[in-house]
Student: 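Below: one structure in structure tokens.
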Amino acid sequence: MNHKFRFAILLTAILASSSFQRPIHAQSPIEAPQETDQSENEKPVPIFTGSAGFISDVTGGSPDIHPIFSGILLIPIGDRWLIETRESFEDDMVQEPGRPGFHGPLQKEVDYAQLDFIANPYLTVTVGRFLTPFGIYNERLYPVWIRNLQSDPLILPIGTGPSNASTGAMLRGGFAANPAVTINYAVYFSALSTVTPVDSERTAGARAGLFFPKARLEIGGSFQHRLQDERSNLYGAHVIWQPLALPLDIRAEVARSQRGSGYWIEPAYRLTQLPFWRNEMRRTQIVARVQQFFTGELPSDDLPPVSTQEVEGGLNYYFLDGLKATANYGRQFSQAGNANIWTFGVTYRFLVPLGRTGSQQ
Amino acid sequence: MNARAILATLCALCLSSCFLAAAQERKQDPKTVASSRDQETSAEATDADGATPAAAPSPKPTPRSIEAAERIEGEKRFRTNCGRCHQPPHKFPPRVMATAIRHMRVRANITDEDQRLILKYMTQ
């Protein structure tokens with residue numbers, strides 16, 4: 001680490017420590033005086049949560065079974081600390097010539113294992129292994145119970161590293177600039193780690209976003225500088241919009257790097273407005289995604305080897321808020337050959353409290 | 001971009017966030033904030049009994065009217081923030097929700113005030 005980065009870390013630490021002196025709820029405008037003491041009934045309790053999924057897809061005629069389990073352990077400490085970790089176990093099982101059934105190695109990954117300190121209303125300090133905050137998909141939309149389409153966007157590996165995670169330190173936060181705009185940001189440094197399953201690249205980067213609550217519109221941008229290999233810059237931008245008049249979510253991302261560039265746009269429409277079969281329709285969501293990937297000047301192990309376009313459409317049915325069935329069809333166009341992609345699956349989100357849960361007031 | 005430019009960018013981000021935070025805190029004089037927030041939420045606040053204690057312009061909001069306003073604001077922020085990424089979940093027990101919302105504060109960068117109001121809405 002050279003002296004400039006030492007200086008940056010020192011400066012950041014000074015800025016952070018100067019703000020530690022403020023009370024955590026300093027900016028809450030309508031806070032009542034009694035809120036300063038957290039009641040016993042609302043003291044956070046450790047929880048074990050996560051998701052499980054059983055996804056099956058057929059790509060170009062080749063079937064693939066993909067069970068996945070992600071467990072998240074959340075341990076709050078006091079009013080300001082949180083230990084959070086997520087481990088994923090997934091299998092990519094395919095048919096092998098001469099052997100009956102589906103086979104594939106079990107892949108284990110520590111997605112994140114981090115310690116968070118909520119310093120004040122504007123700043124949270126995170127150390128450890130954390131999901132790389134480049135774009136929004138990796139941090140916020142990745143779990144199988146959240147994602148609208150089960151396949152990853154083609155550009156997901158851009159900026160997120162070999163295992164979608166970084167190892168180091170991060171400063172982040174969100175605060176209201178005024179009643180109409182909320183600002184969120186993340187600034188991070190990641191060290192090189194070649195130890196599986198906690199591998200990461202040496203990078204530094206930042207992401208910033210503006211959220212307009214009245215319009216339900218979020219726009220933001222990401223930047224990353226690789227501090228290894230070709231030492232290149234990576235850029236990204238994202239949009240989330242939920243129009244007030246329609247049960248519609250529109251999400252989009254664009255990313256650019258020397259190893260490849262591309263974009264994806266994903267609208268999802270909940271059928272609550274249809275005047276028939278209301279109970280079924282309000283549980284049904286139709287989704288589409290259009291995406292393009294363009295190869296870059298440098299090769300990449302994680303990105304498609306050739307420029308690719310893909311169009312997908314699908315249906316999600318929510319039995320409960322955490323249990324969903326999904327089916328979708330996509331068509332991939334690339335120089336390596338076109339292919340149909342069929343995907344079917346069931347995903348489930350669970351939550352287990354590891355202590356006394358309190359009672360509703 | 002060389003290391004100096006990256007350093008400048010990171011420092012600028014840190015400084016600008018601190019300036020914004022300081023500016024916002026200075027702007028939020030408790031009296032003016034309370035009255036403006038009361039005006040903002042009073043139009044929507046309706047008590048469980050059907051009365052509208054916060055609807056009338058009152059110089060001294062009662063604890064009940066503040067409670068009602070916070071509940072409505074909490075629901076609004078719950079739908080706006082949680083619905084951005086996933087289907088809004090059902091309510092969980094208070095201590096479970098307190099942990100989940102802290103996790104979401106870090107993961108989704110929701111604000112301190114959003115955290116407090118959503119927790120209040122989800123636990124009542």
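These numbers come from a predicted model, not from an experiment.
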Student: Are any side-chain N or O atoms of R251(A) and backbone N or O atoms of R84(B), one a donor and one an acceptor, separated by less than 3.5 Å?
Tutor: yes

Student: List the steps and the verdict of side-chain contact (heavy atoms from CB on, under 4.5 Å) for R102(B) and D116(A).
Tutor: CA-CA 10 Å; R102(B) 191 181 291 187; D116(A) 307 315; over 6 Å; no

Student: Under 6.0 Å from the ring centre and within 45 degrees of the ring axis: does the NZ or CZ of R107(B) meet both conditions for the six-membered ring of F130(A)?
Tutor: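 Because its charged atom misses either the 6.0 Å distance or the 45° angle limit, R107(B) does not stack over F130(A).
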
Student: T99(B) side chain to V45(A) main-chain N or O, any donor-acceptor pair under 3.5 Å?
Tutor: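 Yes.
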
Student: What I'd like to find out is whether the side chain of N109(B) reaches to under 4.5 Å of the side chain of F211(A), using heavy atoms alone.
Tutor: no

Student: Where does E139(A) contact chain B at under 4.5 Å (heavy atoms): side chain, backbone, both or neither?
Tutor: both

Student: Less than 4.5 Å to any heavy atom of chain B: does that hold for the side chain of L320(A), its backbone, both, or neither?
Tutor: neither

Student: Which heavy atom of C85(B) sits nearest a heavy atom of R140(A), and at what distance?
Tutor: SG-NE, 3.3 Å

Student: Determine, stepwise, if the pair H103(B) / I47(A) fulfils side-chain contact (heavy atoms from CB on, under 4.5 Å).
Tutor: CA-CA 11 Å; H103(B) 173 57; I47(A) 58 176; over 6 Å; no

Student: For a 4.5 angstrom cut-off between non-hydrogen side-chain atoms, does R105(B) reach L82(A)?
Tutor: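 No, side chains not in contact.
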
Student: In terms of heavy-atom proximity below 4.5 Å to chain B, should R147(A) be classed as side chain, backbone, both, or neither?
Tutor: neither

Student: Testing the basics here: between D112(B) and P121(A), what is the closest heavy-atom pair and its distance to 0.1 Å?
Tutor: CB-CB, 3.8 Å

Student: Examine whether an atom of W241(A) lies under 4.5 Å from a heavy atom of chain B, and if so say whether it belongs to the side chain, the backbone or both; otherwise answer neither.
Tutor: neither

Student: Between E113(B) and F175(A), does a side-chain contact (heavy atoms from CB on, under 4.5 Å) hold up when you go through it step by step?
Tutor: CA-CA 8 Å; E113(B) 192 187 357; F175(A) 55 89; over 6 Å; no

Student: Does Q87(B) reach the side chain of W145(A), with side-chain heavy atoms less than 4.5 Å apart?
Tutor: no

Student: Which atom pair, heavy atoms only, marks the closest approach of A98(B) to K43(A)?
Tutor: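 Result for this residue pair: CB-C, 4.4 Å.
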
Student: Which one, I72(A), L351(A), I75(A), leads in non-hydrogen pairs under 4.5 Å with chain B?
Tutor: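 It is L351(A).
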
Student: So, the side chain of R216(A) versus the backbone of T80(B): is there a donor-acceptor pair under 3.5 Å, distance only?
Tutor: no

Student: With a 4.5 Å cut-off on side-chain heavy atoms, are P353(A) and R95(B) touching?
Tutor: no

